[in-house]
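Letters go in sequence order (proteins before strands), and every chain restarts at 1.
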Amino acid sequence: EAQVTQNPRYLITVTGKKLTVTCSQNMNHEYMSWYRQDPGLGLRQIYYSMNVEVTDKGDVPEGYKVSRKEKRNFPLILESPSPNQTSLYFCASRPLTGGLETQYFGPGTRLLVL
Amino acid sequence: AQTVTQSQPEMSVQEAETVTLSCTYDTSESDYYLFWYKQPPSRQMILVIRQEAYKQQNATENRFSVNFQKAAKSFSLKISDSQLGDAAMYFCAYRSPTSYSGGGADGLTFGKGTHLIIQP
């Protein structure tokens, strides 16, 4: 089954404690990205990657890092989480050819930073 | 930068009736892609319908259809014969054509969403 998986699904942490949210896709997609969703703001792109070792900032990259060492994985790293990073996070992937190809979303990771 | 506006934070409709969710966007590009996503209480993002800007014909997927007005930069979603399972947040999204040179974020720009309530 084609899917994007994220772990963990729920996470409560404290300010300053480094954390990583993993994302993996099994569709051999080149393009992967991370979004955060906040009430009243919709989804905003954090980082994206067009292929292995190619990453770039989206609209709200401050406080986040990513890496793309393998095509299937695109982890999101919060080196020093702060309460304003409390949010619902989505990983997504699609073929690089773009167009109307469906962007597949993961199930979301709900993060609470105390 | 492109912007997407959904002017209705919340809409309510009686079961079996028709409802239209509005979406407008701002862009200087001539070709682009538009999407409607549904987010039920499970928070999963589900693609409802999509449209390519250069295609004049409005997209249709079963009970879901769009009214795409390119000149007006409008992309509304019509849901016919509303069902209880249609209750969800609906997001309109815009994407630029893929840039093979790597320029641009090439991601989806989302509106803030419309919460659709279905009254039984």
Side-chain angles (χ1 to χ4, degrees), chain A residues 1-6 9-10 23 29-61 66 68 74 87-111, chain B residues 1-10 23 25 29 31-55 57 59 61 66 68 89-115:
Chain A
E1 179 190 356
Q3 61 180 351
V4 177
T5 57
Q6 295 178 226
R9 295 287 312 280
Y10 303 91
C23 173
H29 288 163
E30 297 87 358
Y31 185 93
M32 297 184 74
S33 60
W34 277 101
Y35 293 84
R36 63 177 288 175
Q37 181 182 2
D38 302 291
L41 295 179
L43 283 79
R44 295 175 292 167
Q45 191 182 52
I46 303 170
Y47 267 95
Y48 68 100
S49 169
M50 289 189 156
N51 217 322
V52 175
E53 303 291 2
V54 180
T55 63
D56 208 345
K57 298 176 180 178
D59 298 319
V60 288
V66 293
R68 187 91 181 272
F74 190 46
S87 188
L88 177 60
Y89 291 88
F90 288 99
C91 181
S93 76
R94 64 168 172 81
L96 186 59
T97 47
L100 284 176
E101 280 88 343
T102 298
Q103 182 148 221
Y104 290 80
F105 282 86
T109 294
R110 188 172 292 279
L111 172 64
Chain B
Q2 292 80 18
T3 58
V4 177
T5 301
Q6 294 179 247
S7 59
Q8 308 149 314
E10 188 173 277
C23 172
Y25 55 93
E29 296 171 318
D31 195 20
Y32 44 86
Y33 309 101
L34 296 165
F35 305 83
W36 277 98
Y37 281 88
K38 171 184 178 181
Q39 187 180 49
S42 67
R43 298 301 188 187
Q44 181 70 42
M45 294 294 287
I46 302 167
L47 178 66
V48 174
I49 200 164
R50 49 192 171 179
Q51 172 96 32
E52 189 158 12
Y54 80 82
K55 291 188 176 178
Q57 187 172 3
E61 290 286 344
V66 297
F68 174 49
M89 282 291 289
Y90 286 81
F91 292 99
C92 179
Y94 171 106
R95 192 173 83 222
S96 297
T98 298
S99 170
Y100 290 100
S101 65
D106 201 37
L108 290 167
T109 298
F110 286 87
K112 295 181 179 181
T114 296
H115 181 212

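- Contact annotation for A:Gln103: both backbone and side-chain heavy atoms come within less than 4.5 Å of a heavy atom of chain B.
- Within the 4.5 angstrom heavy-atom criterion, only backbone atoms of B:Gln51 (N, CA, C, O) approach chain A.
- Neither the backbone nor the side chain of B:Tyr32 comes within contact range of chain A, judged by heavy atoms closer than 4.5 Å.
- The two residues A:Val4 and A:Phe105 come nearest to each other via the heavy atoms CB-C, 4.1 Å.
- Among residues two or more places apart in sequence or in another chain, the side-chain hydrogen bond (donor to acceptor under 3.5 Å, both in side chains) test is passed with A:Gln6 by A:Thr109.
- Residue-environment remark: CD (A:Glu53) exceeds the threshold of 12 foreign heavy atoms within 6.0 Å.
- In this structure, the portion of A:Phe90 lying under 4.5 Å from any heavy atom of chain B is its side chain and not its backbone.
- In this structure, no portion of A:Arg44 lies under 4.5 Å from any heavy atom of chain B.
- For B:Tyr90 and B:Gln8, the side-chain atoms include no donor-acceptor pair closer than 3.5 Å.
- Checked against ring pair (Phe, Tyr, Trp, His ring centres under 6.0 Å), B:Phe91 has no partners two or more places apart in sequence or in another chain.
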